[in-house]
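In what follows, a single structure is set out as structure tokens and then discussed.
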Amino acid sequence: MRRLSSLAWRSLGARKLRSFLTMVGIGLGVAVLYVSLSAGAAMDAAVDKAAADEIGKADVRVLALEERGLSKATVDVIDRIAGVSVVAPALERRSYLSASLTQTPTATLPPPVTVLGIDPVREPMLHDLPLVSGRLLAATDGQSALITQTLASGERLGLGDTISLNGTVAAGPQDYKIVGIVRGDGPLPRAEGRLVFLPLDSAQTLFGTTSITRVDLRAGPGVSVDELVGQLDATIQTQPYLLSRTQDLADSLRAEMADFRGALLLVAAVVLFAGAFLIFNTLSMTVAERGREVGLLRAAGTTRSQVMSFVLLQALVLGVLGSVLGVVCGIGLAVLTLSWVRSSGALDLAAPVLSAGSIAMALLIGVGITLAASLEPAWRAGRIPPVEALRRGPNGAVAGAARLRWLVLVFGVLALAALAMWPRASAGSSTGSLATGSGSSMWGPLVVYGLLLSTVLLLPLILGPLLRVAGLPFRIFRNEERLARSSLARDRSRTALTAGALVVSLAMVVALGTAAQNVRKIGANWLAETIPGSELLTSIRPISTTDPIIGQLAAVPGIKSISPIGIFGAPYVYTTQSGGRSHKSVVRQEAAAIVGRDYLGDGRLTFVAGDRASALGALDASGSVIVPESLADAANIRVGDSVEFATSTAPSRLHVVGIVAHSIPAGAQEAILIGWSDALNQFGVSGADFYAVRFVPGQEALGRAALDSAATSYALQPNDLDRVTGTVGDALDRIFRLLDALALIAVLVAGLGMVNTLSMTVLERGREIGVLRATGMTSRQVWGMVVIEAGILGVVGAIIGALVGLAVGALLVLWSSGGFGLAFDPPWPSIGLAVCFGILVSITAAIYPAGLASRQSIVQALQHE
Amino acid sequence: MRDAVILEARNLTKRYRLGTRDVDALRGVSLQVRRGEFVALMGPSGSGKSTLLQLLGGLDRPTSGEVVLDGEVVSHLSDAEATRLRREKTGFVFQFFNLIPLLDVYENVALPYTIAGVDPRHGDAADRIREVLELVDLQGRERNRPDQLSAGEQQRVALARALVAKPAILLADEPTGNLDYATGGEILDELWHSCDALGQTIVLVTHDARAAAHADRVLVVGDGKIRDEIELGRRSTNRDAGPLIARLAQLGL
């Protein structure tokens, strides 16, 4: 066996460039896979950290569902539950540093801070607060504060300094002495590092409340979490609340990232497929070239399995070297990728960790795919008969069926690998809602994957007409085009597979571009359809509807109307039928308080059921609700039904007066629409979170300028509606562009595959090229012929890739739009660019083999034995 | 015109590099071929006869010396010029037929026109292709692909392809080497016929005395040199190889 293995080495060394290109191809595939794996690991780490930071050592968190929070009485009830060892209440509010407000009288507000009022004694029992300096809050502390390191450096504050926070109008700004600095960003990711801890009493005074936002609980010794939850359910009767456990929180956070991870895996699978194709071609070429050698070995008594292991050994060498190269590149790529994702702000990620698990997994899959891809050529080599030694010239014929076998095998192995790595699905969480279409379904990517596979399988069948169409642009070189086309038609399955790698990778590029464009557009249309105005004024805290601010803003010249909107969680009573018995559960349903008449004028909100005018009127009158179609479908709600809410005063029932196609987006849901009087009286909403502003037609510029300066003085952040959608769109764009960039790597790998395939056909056609040259074809014509061959392949790949990409894009849009009926609008310029890129890569890939063909010595090509 | 020299080799040498040592395939060959003449190059394998043919046809360049074809010095031409010269003035027939498997008989024969950018389906080109197909007795087989033809038929297609553009000179490298006795004889007769009836100049490389006996003149190549010249003369009927074989035996071949 030693001699055979040295033959394998020599065989690789004899074709250095080919071996190198193959290795690079595997390497690129493994690099993208590594990015996918390490992004997954980083997300898991981020999720675990976020969940641990949020809940700490608590077993259960009781979260106020209503805006006004949990009352002192409720906290006292919880405190008395037997079996609870620690009860840590906290109040979370947002505010501004008063100094920053007075210093910056500009159109943009400074970033707000999050204030967390904590029990100085109980909080540290459940949450670690690592300090960089100073001390924790003490029970005796009054006007003292802890701030995060990030806030300290951002605002140039230090230990012993005074921090001044804005509270209610009545309380005015309050000063606190900084007694400690918490490491880094602190434990609350949504605070983005701008976090201030106050003693609970001080915080309640500052914000003029006696309630709290959440209570963290720890079960006593011998009490299980389930028992504790049961006790809570039995005890808290007066106020709606949500319970969550660490695992629930982690699961729901994970579910948010699942789509991104799924997409990353899909892209990695596509790059790996292109890489696997490269392996297949390289080894097929080796087998073809060495057919005579193998025949000789067989004649000399080498067994089939020895011959197979000769090929597999080469694959192993390429696979190991390529995978190691890939992991090294992947680590660099992962650092770039994750910093890119982080900068998009869409996902909160820690720096990529060099995890042995990810490295081992990437190596394993890289080598595994390589070996899977080489099984077919190895098997074919094993079947080379000894008489092959007597034949002349390379015999590269690979049966179409063999290639299809290979294709299905590699797709299967890739699918299994992807399934093994699929992000763990959330097991359902108690913060759950009736959210539709979110979560980590693997069916979507699987359907996409299947679509890609069947395209490649069907390609040989339609290749004839395709080649004719694809040849059209090259018709000016009639002879070269004709010869190139017939050369491609010679071995349809090989041509289809070569083009297939390009089709699959370009399809991904086009699909992602299409999805990005449409998701952005859906976002824009969504807001335009549901917000009654062209400008939003957002507040960090609800503003009371009786606040004179609304009248003052309405008086600003150029403004036609100001419409307050409040977003809140409604305790929706959801009835499920199981075993013939109906079971009621309370879920958080996002809701929006709106002024119905503000929607009457301009036809915003599309009603799919119910009368528009009377429904909007009924909303203002109270007792009514307008439901988005997505919820109506999920919960089987019709106009005329009544829906129940577990509000604290008494369960309230609201009458469904209309169903709208789309409603105001809130969190991951569409909000149900409720009139202001119900929101204030029944749901405990304290005020508006933002105002939608409509300008007098023709006075937008004037109105906007006046509004911007007025709004800032009321601590309202003015936002152009276009800018709001733009910001959201930008974050999405960055994610999509990243995926796109990774998919472009697949196109490059497909290009490497093309270098190999074209080199192989040039090698096989050596004698033919010799005849053409002897008959008077110039070397330039030969060069052109090979380049045109690649060009035609590129056009085939580009056409089919674009078509399949559009189909996949349409599917992605369908899944991600939540049924938003939007005219499908592909980004033609970028699709055009992707198509040109594909053709360009193909033509570039032809330069080396074309050079080989044109430089080929006629004499050698024609030499007879 | 008949006596005009159409092809001339002047002191040709060709040196190959084989691994670390140089091999002299040709060591100063000079020869002249007259228009309409049928010349055979004979010699044992490795004698340099195929190399000589490749240099004469402009497929390869000599290390020194020059080849003059129809008044043009082939050996000094650029690749593009040599290609043009091949297209316009030479036709090749090889031992392994070397047809393009994707093209049918008509397209294979039409290849020199196609490469030159002339539409082979119309006009003079089409007439000429019909003419040579008739000459090699392949009319009616135009739509067949090479793999649907017998070896002899394939070689006749190759011959038609070599003749179609009316080359100044036809170069044939062991054209019967891969054919059985009878079929080989047919091909040789076709060659002789094109020379005798159409005035086609032919240089034939062979190690088969029976094939060489068709030629007007036989040049015996050995050790990279012309070792002997045997003038057989044009014989329309009796092409008995006996006298040639006897002469070759005298030379120790």
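Chain letters run A, B, ... following the sequence lines, proteins first, then strands; residues in each count from 1.
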Worksheet entry | Modelled atom types, side-chain donor and acceptor of Asp180(B) and Thr183(B), under 3.5 Å |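 On atom types as modelled, these side chains qualify, holding a pair under 3.5 Å.
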Discussion item. Rounded at 0.5 Å granularity, tell me how far CG in Leu56(B) sits from CD1 in Ile169(B).
Written reply: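 So the CG of Leu56(B) and the CD1 of Ile169(B) are separated by 7.0 Å.
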Worksheet item: Looking at Glu480(A), Glu768(A), Arg780(A), which one has more heavy-atom pairs under 4.5 Å with chain B than the rest?
Response: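 If we count pairs closer than 4.5 Å to chain B, Glu768(A) comes out on top.
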Worksheet item: Would Glu81(B) and Ser78(B) count as a side chain to side chain donor-acceptor pair (under 3.5 Å) if you check the C-alpha gap in whole Å, the side-chain angles of each, and the deciding distance to 0.1 Å?
Response: CA-CA 5 Å; Glu81(B) 288 166 329; Ser78(B) 68; 3.2 Å; yes
Discussion item. Determine whether a donor-acceptor pair (N or O, by modelled atom type, separation under 3.5 Å) exists between the side chain of Arg156(B) and the backbone of Val136(B).
Written reply: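 The answer is yes, because a donor-acceptor pair under 3.5 Å joins these two groups.
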Item to complete: Identify which part of Glu88(B) has an atom lying under 4.5 Å from any heavy atom of chain A, answering side chain, backbone, both or neither.
Response: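 Neither the backbone nor the side chain of Glu88(B) comes within 4.5 Å of chain A.
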Worksheet entry | Which atoms of Arg773(A) approach chain B - backbone, side chain, both or neither, heavy atom under 4.5 Å |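 Its backbone and side chain both get close to chain B.
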